[in-house]
Every structure is written in structure tokens, then in C-alpha cells.
Amino acid sequence: MEKLVIIGSGPAGFTAAIYAARANLQPLLLAGMLPGGLLTQTTEVENFPGFPEGVNGFELMFKMQQQAERFGTRIEMEQVEKVDLTDINCKKIFLAGGNVIEAESVIVATGAQPRWLGLESEEHLKNHGVSACAVCDAAFFRDKNVVVIGGGDSAMEDAMALTNFAAKVTVIHRRNELRASKIMAERALNNEKINFIWNATVIEVLGEDHVTGVKIRNVETGEEQIVACDGMFVALGHIPATEIFKEQLELDEHGFIKLEASSSRTNIAGVFAAGDCADPVYRQAIHAAGMGCRAALDAEHYLRNR
Ligand code: NDP
């Protein structure tokens, strides 16, 4: 039986693996279909400490993988199909290929995907003006015009973060009322750099090799309009990859794994969670890495006291 299995290979999973391997827990990391997680889909990462010139997302994840392997982490490119975490002494992990892995403890670090509009033009212009991370990319839009899509707390936070750089920020929301908390909504509504277009959805992102505007349609009148802009920030919420855990782990209403206060402990003893799958608010690589460290230390403590 494995002492510790880590599910997921983003910054949370690899950081947990580095700490667990250095604590001699010989972790097995199941890397899934997208080894390296979301960062491998970005280009330059400029906000990860230790890289003053920035670092390519793929390279950063490859370095984390090498560091985890250096201390004895075993990595398998396996997809987890289902889990049975109910037996306190033996958690079972069923792999897509048919094998079953048994473990004393598990760290879930399966991440989350941003929800996109699903337009072909949006896909085409990702990393060329289309972004789902204002914290990461706002600085690229100094004195430019940007639009933010969505009406929740993320959209308000992104819009406000963008005002530090952009000349003008336009929030486009599909209803005439924000979903965001009152305080966040008021802050954004009172910010003179932010204006709002209500009852509208984006039907096309315009531009050949970079964003030049968005075509929007009023959901009530059907009227179409072009809004010129240099960037589009999509803030439609995130979809945590927690489907296979939902019958066993306690999740919040958006599907994020609930943690015991100030720890990585889930509602099941010996099962810990780290990174974006358990983080509805910050969703940053460095924060996920910190959560991975915490989960490894919690798992080590749990195994020692068993
Ligand atoms: P939410 O689910 O709260 O909001 C998503 C927004 O996107 C909604 O306004 C929704 O519209 C809109 N939307 C969804 N799909 C589409 C679509 N296909 N086309 C157009 N619009 C769409 O997600 P958030 O990420 O904003 O927030 C998630 C959770 O995290 C919340 O609990 C939030 O409070 C929390 N959070 C807290 C923060 C803080 O406290 N600082 C910061 C960020 C998040 P509609 O309203 O019509 O459904």
C-alpha cells in the first residue's frame, strides 16, 4: 500500500510532492491528462517569485517536476476515474486503465479550469489579448482599453485590478444586475475608470493576431455593437475538477473542496486538498504551491500519528 498518493500535477501537486518526498514518504503522484496543470497553457509567468525576468509556464512546471523527482517522487501519467475514500485504513483510487491503487493518505490537487465563453475567436486569441487572469496579465495593458466579462466578485476584482494599468475598463454583463457582493459591486460602480454595458453578451472576439475589439449583442433587443478594445478578460467563474469526489468530500456550492479552517484537512481523515480545487478566491500558482506545502506537512503529521 502507498503511504501517500497525490492526485494532480500543477504547482500544488508538485510542491506537495517535493515536501512529502523530502519527508521520506515516497509519494506517488498521478499526473492526469494535463501534466503540469494550467500553467503549461500560458506563455510567460511574471509573478512567480524567484524569476525576475519571468519564466515560461511550461518550463516552470518542468522544473517543479524535476525537483519532485529528485527527492524520490514517482510520477505516473494516469487519469483517476473514481475513488473510494471511505475506509480510514485504505483509500482506493481507480485508474482509467483499470488498475486500483491503495493508499494510507491522499492529497487532492486536481485544480480548476476557468469558465470560458466558448467562442472560436476567443480560443484563437487566448494569450493574444484574451485572458482569464487579471492578476497575471493586467500589467500588459498599460494605457490600453480592456473589457471584463462577467458580473460576479471575480469580474469586479479583475476590473479594479485592471484600473491600475488600463486607460479604460468596460465591464460587460449579461444581466442588468451584478451577482457580486454589495461591497465589491459598489466599489466597481463608483470607480470612474470603470463603465458598464448591461444585458449584453459577447458573440465574437475581433482581431487577427491580437484583440482589437469585441462584438456584443443586447440580450433584450438583439442589437449588435462593436466595442473597440485591446484586451478581453473573462471572469465567468471557475470549474473545479472535483466531480469524482463529490459523493465523498464536502464541497461548497460551486464545487470547491471545503477545508477545515487553517489547514488542508477535508471532511475525511487522511484526505487533504490543495490548490485551485480548494481555493475559490485566490487561484494563483504561488498560492497553490503554498497550499501544496501545507497539505504535505498535514499528511506527514497525520501519518506519523496514526
Ligand atoms: P460567479 O459564479 O460568482 O460569477 C460568474 C459571473 O459570470 C456571473 O455574473 C455570471 O452571470 C457570469 N457568467 C457565467 N457564465 C456566463 C456566460 N456563459 N456568459 C456570460 N456571463 C456568464 O464566479 P466568481 O468567480 O465571480 O466567484 C466565485 C466565488 O468566489 C463566489 O463565491 C465569490 O464570492 C468568490 N470570490 C470572492 C472574491 C473576494 O471575496 N475577493 C474574489 C473572487 C471570487 P450571472 O450573474 O447572470 O449568472
Side-chain angles (χ1 to χ4, degrees), residues 38 47 110-123 125-126 130-138 146-164 169-191 194-206 211 213-225 227 229 231-243 246 250-259 261 273 275-288 290-291:
L38 271 188
N47 55 9
T110 45
Q113 291 274 356
R115 182 177 286 116
W116 296 96
L117 289 166
L119 303 169
E120 217 172 277
S121 51
E122 169 193 56
E123 184 63 33
L125 289 163
K126 272 182 195 168
V130 171
S131 169
C133 182
V135 173
C136 319
D137 297 333
V146 295
V147 297
V148 175
I149 319 301
D153 280 336
S154 294
M156 298 309 106
E157 202 163 73
D158 286 2
M160 284 184 286
L162 282 156
T163 60
N164 293 328
V169 179
T170 304
V171 174
I172 300 172
H173 183 35
R174 65 181 174 183
R175 294 186 293 137
N176 62 359
E177 186 185 20
L178 294 172
R179 174 179 298 278
S181 56
K182 197 161 181 286
I183 184 159
M184 299 278 278
E186 272 173 10
R187 261 186 227 151
L189 288 164
N190 291 330
N191 189 316
I194 304 177
N195 57 359
F196 288 80
I197 298 179
W198 304 103
N199 297 320
T201 52
V202 174
I203 53 172
E204 191 182 350
V205 190
L206 306 172
V211 173
V214 292
K215 190 190 272 186
I216 60 172
R217 181 183 291 147
N218 184 298
V219 294
E220 289 181 339
T221 64
E223 193 186 320
E224 293 182 4
Q225 177 193 343
V227 180
C229 62
M232 176 176 92
F233 285 82
V234 178
L236 309 179
H238 279 68
I239 308 164
T242 53
E243 187 63 23
K246 73 176 182 204
E250 223 180 294
L251 309 179
D252 74 7
E253 73 271 25
H254 298 283
F256 292 93
I257 298 169
K258 281 192 184 176
L259 301 178
D276 288 4
C277 65
D279 172 17
V281 177
Y282 301 102
R283 299 185 300 254
Q284 296 300 306
I286 188 64
H287 189 247
M291 290 177 83

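Indexing begins at 1, ligand by ligand and atom by atom, following the structure's order. Remember, it's a predicted structure, so these values are computed and weren't measured experimentally. Computed over heavy atoms, backbone and side chain alike; hydrogens, waters and symmetry mates excluded.
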Problem - Expected output: side-chain R115 to main-chain L236 donor-acceptor under 3.5 Å - result: yes
Problem - Main-chain N/O of N199 paired to N176 side chain as donor or acceptor, under 3.5 Å - result: no
Practice task
Output yes when K182 and E186 qualify as a salt bridge under the 4.0 Å nitrogen-oxygen rule, no when they do not.
Solution key: yes
Exercise for the section: Could you verify whether a donor N or O on one side chain and an acceptor N or O on the other, from H238 and D276, lie under 3.5 Å apart? Expected result: no
Practice task
Answer yes or no: is there a donor N or O on one side and an acceptor on the other, between the side chain of T110 and the main chain of A241, under 3.5 Å?
Solution key: yes
Quick one: ligand 1 N/O to protein N/O pairs below 3.5 Å?
from	atom 1	to	atom 2	distance (Å)
ligand 1	9 (O)	G151	N	2.9
ligand 1	9 (O)	G152	N	3.3
ligand 1	11 (O)	R174	NE	3.2
ligand 1	11 (O)	R174	NH2	3.4
ligand 1	25 (O)	S154	OG	2.5
ligand 1	26 (O)	D153	N	3.3
ligand 1	26 (O)	S154	N	2.9
ligand 1	26 (O)	S154	OG	3.2
ligand 1	30 (O)	P280	O	3.4
ligand 1	34 (O)	D153	OD2	2.6
ligand 1	41 (N)	E157	OE2	2.8
ligand 1	46 (O)	R175	NE	3.4
ligand 1	46 (O)	R175	NH2	2.8
ligand 1	46 (O)	R179	NE	2.9
ligand 1	46 (O)	R179	NH2	3.4
ligand 1	47 (O)	R174	NE	2.9
ligand 1	47 (O)	R175	NE	2.7
ligand 1	48 (O)	R174	NH2	3.0
ligand 1	48 (O)	R179	NE	3.3
ligand 1	48 (O)	R179	NH2	2.6

Exercise for the section: Anything under 30° is parallel, anything over 60° is perpendicular, the rest tilted; go ahead and classify Y282 against H287. Expected result: tilted
